[in-house]
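Throughout, protein chains are lettered first and strands after them, A, B, ... in sequence-line order, and every chain is numbered starting at 1.
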Amino acid sequence: MAPQKRRTAFPKVLIESDTDSEQSSSEEEEEEQEVDPPSEEENENKDKIEDSNDAKKKGKATITISLKKVCKVCKKAGHEAGFKGATYIDCPMKPCFLCKMPGHTTMTCPHRVTTEHGVIPAPHKNIQNPVEFIFERQLRPGITSIKPPYVIPDQVNCAAIRYHSRRVTCLEFHPTNNHILLSGDKKGQLGVWDFAKVHEKTVYGNIHSCILNNMRFSPANDGTIYAASSDGTISCTDLETGISSSLINLNPDGWQGPASWRMLYGMDINSEKSVVLVADNFGFLYLVDARSNSQTGKAIMIHKKGSKVVGLHCNPFQPDLLLSCGNDHFARLWDMRRLEAGSSLCNLEHRRVVNSAYFSPLSGCKILTTSQDNRLRIWDSIFGNLDSPSREIVHSHDFNRHLTPFRAEWDPKDPSESLAVIGRYISENYNGTALHPIDFIDINTGQLVAEVMDPNITTITPVNKLHPRDDVLASGSSRSLFIWRPKEKYDDAERLDMRKIVVFGGDEKKHGKKSRDEYDDDDSDDEKFNFKGKNVKAKKSKKETTPYCRKAKR
DNA sequence: ACTGGATGTTACC
DNA sequence: TGGTAACCCTCCAG
């Protein structure tokens, strides 16, 4: 850094305090703004250094520090945005934080989550192509339209745990063992937790060196998990032994700068073809043969060049159909037999980045997407008209760079394929506490079926997964994991005392200097890694098993 | 009970 | 088209 000259004489400091305006009525204050724009200008610039002409002549500057209260959102005086107790007051100068439309705030938004979400109904579609006709005649009857009553896991009465040292990024239930939950975090750690025996967990710490973005169980072996990471590798880990190998490593030469560092985001497995599909941050799809552990063919550009492909999903019913989504504002439908750049069957347009796109879990006929424009979109039939979504549901799940992106997930048990779960970004004031519920939404009507929360969980819960067989919800909120079950099925005695949240060792505050790597909440998801390239073919993961309760959280 | 810092995406030039 | 400032409900440590 260039050496700086010290001023010989300290400049005159003028402090504009807020006292004047507080003494005057608010009406006066507003008037003052209107008739005297320069003063507003001054208010806008807190700590502004202003050289007066007089001072300039003498070679001294006058520092004007404005202590007048300004809105932290728009920097204008006369109002303030932020929490008043547990209620957040929006800045009236900005468009609605929920639906993004100007003219009102979240409080008065017609889509505000109170009893139901805003639904924008489908444009009337009366064009029926032959495929759609056949679908309606032959396949639709297979999907029950009779909705069984929803069972909502709405109480943390089983287990809560914290062993991740970074925010949770993904969750996966074991395909056969009902009590095993796998979790990945921003640091790349993989947790295996038996939530029936609350204290039993294993954390694999050296499989990946940064964000574990997605994971899937091997369809051939339920003791094996595949994971895609921003370190550019796909790992294949044996859950019993912790032995892990890399299927591919897209950064064999290590860190050569952000322009070349490839990160893996979307991942899924096509069990029919025994192919692991992954996609990277530059728009490319890679196919890896799960038997030979080798890449088949070349990488295919499936999204806009240079854009992240954050989600991949193979159709559960029709294995040749692939769904992808990413930062180019599109979800795209592909035929696996004809995969090449620009050959998508369909492009589902969104107004902003698409966080996730999933086929419905049973029939695979519907598509549910989550976009950064605060809308869930439902396409009712992949055989029908996909030019526009059948419905848009306004829901608060905005991007915040410090959070794992929200993804609406289907309930895999719901035979009517109408229930979805997604965490909510904006809070509500519940008895004086600002809480961020987990929303259960009927995607046919847009109605909010349930909002699930616990007064002890004040953090946002962007990661949620419903159990494939049991009435269980697993959620990841910041660094913690929670297991929810239906209140109605358990009496209060079984309710978990949230003070007994289990926090395992290795996460406890250390005294003295902490290394940057250890504690900074560095969300350096993409560019600023400091790791050397690793190209490990097979390695034994370090097992950190700490079977004791370390601390009771308030 | 504060405050600072980490840093992805977008809008704008 | 590339570079960069701005950015609304975080979260945790100090």
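Residues A/Ser344 and A/Asn347 have side chains that bring a donor and an acceptor to within less than 3.5 angstrom of each other. Side-chain contact, A/Ser324 with A/His303: a donor N or O sits under 3.5 Å from an acceptor N or O.
The CZ-C1' distance, from A/Phe282 to B/dG8, rounds to 15 Å in whole Å. Nucleotide C/dC12 holds its P atom 14 Å from the NE2 atom of A/His164, rounded to whole Å. As rounded to whole Å, 12 Å separates atom P of C/dT10 from atom CG of A/Asp398. Put simply, CG on A/Leu435 is 15 Å from C1' on C/dT10, counting in whole angstrom units. Between the NE2 atom of A/His397 and the P atom of C/dT10 there is a distance of 17 Å, rounded to whole Å. One atom, NE2 of A/His350, and another, P of B/dT9, lie 16 Å apart when rounded to the nearest Å. Atoms CG (A/Asn374) and P (B/dT10) sit 13 Å apart, rounded to a whole Å. What separates CZ of A/Arg167 from C1' of C/dC11 is a distance of 11 Å, to the nearest Å.
Of the inter-residue distances, the one linking A/Ile393 atom CD1 with A/His111 atom NE2 reads 11.5 Å to the nearest 0.5 angstrom. A distance of 9.0 Å separates CZ in A/Arg162 from CZ in A/Phe482, rounded to the nearest 0.5 Å. To the nearest 0.5 Å, atoms CG (A/Asn327) and NZ (A/Lys308) are separated by 5.5 Å.
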Side-chain atoms of residues 403-410 of chain A: list all donor-acceptor pairs with protein atoms under 3.5 Å, sequence neighbours left out, distances to 0.1 Å.
| unit_1 | atom_1 | unit_2 | atom_2 | d |
| --- | --- | --- | --- | --- |
| A/Thr404 | OG1 | A/Arg167 | NE | 3.1 |
| A/Thr404 | OG1 | A/Val168 | O | 2.7 |
| A/Arg407 | NH1 | A/Asn214 | OD1 | 3.3 |
| A/Glu409 | OE2 | A/Tyr358 | OH | 3.2 |
| A/Trp410 | NE1 | A/Tyr358 | O | 3.3 |
| A/Trp410 | NE1 | A/Phe359 | O | 3.1 |

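Relative to the ring axis of A/Phe97, A/Lys94 does not place its NZ or CZ within 45° and under 6.0 Å from the centre.
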What are the atom names and distances for every N/O pair under 3.5 Å that joins the protein to nucleotides 11-13 of chain B?
none

Once base and sugar-phosphate atoms are separated, protein heavy atoms under 4.0 Å mark nucleotides 3-9 of chain C, 5' to 3', with B, S and - as ----BBB
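Salt-bridge formation is not detected for the pair A/Asp185/A/Arg166: no Lys NZ or Arg NE/NH1/NH2 atom is positioned less than 4.0 Å from an Asp or Glu carboxylate oxygen.
Remark: the separation of the P atoms in C/dC8 and B/dC12 is 13 Å, to the nearest Å.
For A/Thr459, no side-chain nitrogen or oxygen approaches OP1 or OP2 of C/dT10 to under 4.0 Å.
Looking at A/Ile248 and A/Thr233, their side chains never come closer than 4.5 Å, going by heavy atoms from C-beta outward.
For A/Ser478, taking side-chain heavy atoms from C-beta onward, the closest of the listed nucleotides C/dC12, B/dT9, C/dT10 is C/dC12.
The residue A/Asn327 sits close only to the backbone: its heavy atoms come under 4.0 Å of sugar-phosphate atoms, none of a base.
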